[in-house]
Amino acid sequence: MDQQAFLSFITPLKDSIFRLAKRYLVSKDAAEDATQEVILKLWKIRKKLKRYDSPEAFAITMTKNHCLDQLKLRNNNNLHIVHNNYKGRERSLHNQLEAKDELAHVSKIIKTLPEREQILIQLRDIEQLEYKEIAKAMDMKETAIRVALSRARKKIRTQILKIHRYGSATD
Amino acid sequence: MDRRQIDILLEKYLAGETSLNEETKLRTYFLTHESLPEGLEEYRVLFHYFENEKQDTYDKDVFLPKPKSYKWLKVVSGIAAVIVVLLVLQPFSLGHKQGSTDEAVKNTKALFMILGNAPQESEQSLDYFGELKKLKVKTGEHKPDTLSAESAEQQK
């Protein structure tokens with residue numbers, strides 16, 4: 001794989017890598033660094049990439065592992081990302097919600113899900129990957145992915161409904 | 001898509017049973033319909049969120065270190081080889097033009113004289129310490145394989 005071939009492989013993939021990294025690491029800067037590092041790692045092993053039956057799934061796996069390592073490092077250094085708590089949200093619920101707020105709420109809801117469910121939502125509902133690809137990337141069985149996704153989607157829906165009912169009730 | 005179809009797809013979606021194609025249909029429906037029938041509002045928010053997230057892009061340049069190129073190394077080593085060859089050949093070509101054969105012979109003889117004294121001098125200096133007589137290596141009276149046995153005896 002020469003530079004040109006590598007670029008045409010990585011260009012459609014880099015955004016997905018970045019978004020997945022952001023899902024794990026939350027901060028944009030950290031996600032950008034992770035993306036660059038994953039691309040470098042892939043570049044170093046470019047000659048071996050063709051051997052994988054899905055280099056794309058391999059890239060996703062590599063991103064996942066890289067991010068998990070980063071999170072471990074953070075934990076070791078006692079650097080914790082403090083997620084926004086919900087106090088601010090309750091206050092804004094008294095008002096008519098702006099479209100952006102609505103999206104921010106979904107984002108917050110997803111952040112409360114177990115990590116694996118978050119990643120599955122990311123890969124399926126945002127990146128729109130086939131189950132086969134997700135199974136390879138996450139080293140999970142397709143049925144297990146479907147079950148976890150179903151659980152996650154139902155939870156998200158219930159949470160959104162809660163906000164909306166609460167919002168309309170106070171109007 | 002009518003309401004019934006959507007309800008069926010949504011049910012499948014929640015159960016994790018929709019195909020990518022079906023999910024795309026749902027997504028398109030909720031992104032293009034601003035006014036929705038009662039009870040579908042939460043899906044509009046959800047699919048808008050998914051679509052919005054997908055717009056997030058990695059905008060930094062992709063930095064790839066250049067693969068180590070050995071081209072310049074080949075050029076440099078080629079030049080170096082030529083220089084070495086020229087340096088080696090130079091004395092010969094100069095000798096033909098400037099020096100005479102007699103002078104070269106004289107110089108070589110002088111050099112052999114100097115070198116010829118060297119073994120004797122080193123023998124003498126060894127003799128001075130009395131080492132040469134003990135070992136008797138230089139004189140060739142003993143074969144090397146007997147040497148170690150003899151020196152072992154001497155140590156006793």
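Throughout, protein chains are lettered first and strands after them, A, B, ... in sequence-line order, and every chain is numbered starting at 1. Only heavy atoms go into these numbers, but all of them, side chains included; no hydrogens, no water, no symmetry mates.
The part of A:I156 that comes within reach of chain B is its side chain, from C-beta onward, which places non-hydrogen atoms under 4.5 angstrom from that chain. Using a 4.5 Å cut-off between heavy atoms, B:N52 contacts chain A through its side chain alone, with no backbone atom that close. For B:D61, the part sitting under 4.5 Å from any heavy atom of chain A is the backbone (N, CA, C, O) and nothing else. Of the two parts of A:S16, neither the backbone nor the side chain holds a non-hydrogen atom closer than 4.5 Å to a non-hydrogen atom of chain B. Contact annotation for B:E41: only side-chain heavy atoms (C-beta onward) come within less than 4.5 Å of a heavy atom of chain A. Proximity to chain A (any heavy atom under 4.5 Å) is shown, for B:Y13, by both the backbone and the side chain. For A:I17, no part sits under 4.5 Å from any heavy atom of chain B, backbone or side chain. With a threshold of 4.5 angstrom between heavy atoms, B:E23 approaches chain A through side-chain atoms but not through N, CA, C or O.
Interface summary for chain A: among B:R27, B:E17, B:K60, the most heavy-atom pairs under 4.5 angstrom belong to B:R27. For chain B, the option among A:D2, A:L40, A:V106 with the highest count of heavy-atom pairs below 4.5 Å is A:V106. Contacts with chain B were tallied for A:R151, A:Q128, A:K44, A:E130; A:Q128 has the most, counting heavy-atom pairs under 4.5 Å. The most heavy-atom pairs under 4.5 Å with chain B, out of A:E127, A:E32, A:K154, come from A:E32.
Residues A:V147 and A:L123 are members of separate hydrophobic clusters, defined by side-chain heavy-atom contacts under 4.5 angstrom among Ile, Leu, Val, Met, Phe, Trp and Tyr. Hydrophobic cluster membership is shared by B:V76 and B:L73, with clusters built from Ile, Leu, Val, Met, Phe, Trp and Tyr side chains linked at under 4.5 angstrom. Linking ILVMFWY side-chain heavy atoms closer than 4.5 Å, directly or via other members, places B:L36 and B:L31 in two distinct hydrophobic clusters. Cluster annotation: B:I79 and B:L87 are assigned to the same hydrophobic cluster (Ile/Leu/Val/Met/Phe/Trp/Tyr, side-chain heavy-atom contacts under 4.5 Å, transitive). Transitive grouping of hydrophobic side chains (ILVMFWY, heavy atoms separated by less than 4.5 Å) keeps B:I8 and B:L26 in distinct clusters.
The neighbour count for B:R3 CZ, taken as heavy atoms of other residues, nucleotides or ligands under 6.0 Å away, is above 12. Within 6.0 Å of atom CG in A:D139, 12 or fewer heavy atoms from other residues, nucleotides or ligands are found, so the atom counts as exposed in its surroundings. Other residues, nucleotides and ligands contribute only 12 or fewer heavy atoms inside 6.0 Å of the NZ atom of B:K25. A:Q4 CD: 12 or fewer foreign heavy atoms inside a 6.0 Å radius.
Applying side-chain contact (heavy atoms from CB on, under 4.5 Å) to B:Y49 and the options A:I109, A:I110, A:D125 leaves one that passes, A:I110.
Here the CZ-CG distance, from A:R46 to B:L64, works out to 8.5 Å after rounding to the nearest 0.5 Å. B:L10 CG to A:R153 CZ: the interatomic distance, rounded to the nearest 0.5 Å, is 10.5 Å.
Across every non-hydrogen atom of B:E53 and A:R19, the tightest pair is O-CD, 3.1 Å. Nearest approach of B:K54 to A:I126, heavy atoms of both residues: CD-O, 3.1 Å.
Annotation: side chain of B:Y58 is in contact with side chain of A:I39 (closest heavy-atom distance under 4.5 Å). In this structure, the side chains of A:I121 and B:F50 come closer than 4.5 Å at one or more pairs of heavy atoms.
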Dump the intermediate steps for side-chain contact (heavy atoms from CB on, under 4.5 Å) on A:L129 and B:L20, then the final yes or no. CA-CA 8 Å; A:L129 297 181; B:L20 265 192; 6.0 Å; no
Checking A:R157 against B:E11 for the salt bridge (Lys or Arg N to Asp or Glu O under 4.0 Å) test, could you report, in this order, the C-alpha distance in whole Å, the side-chain angles of both residues, the deciding distance, and whether it holds? CA-CA 12 Å; A:R157 178 180 178 241; B:E11 204 170 306; over 6 Å; no
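With hydrogens and angles ignored, the 3.5 Å screen pairs a side-chain donor or acceptor of A:R146 with a backbone N or O of B:G16. Not one N or O on the side chain of B:T57 forms a donor-acceptor pair closer than 3.5 Å with the backbone of A:D15.
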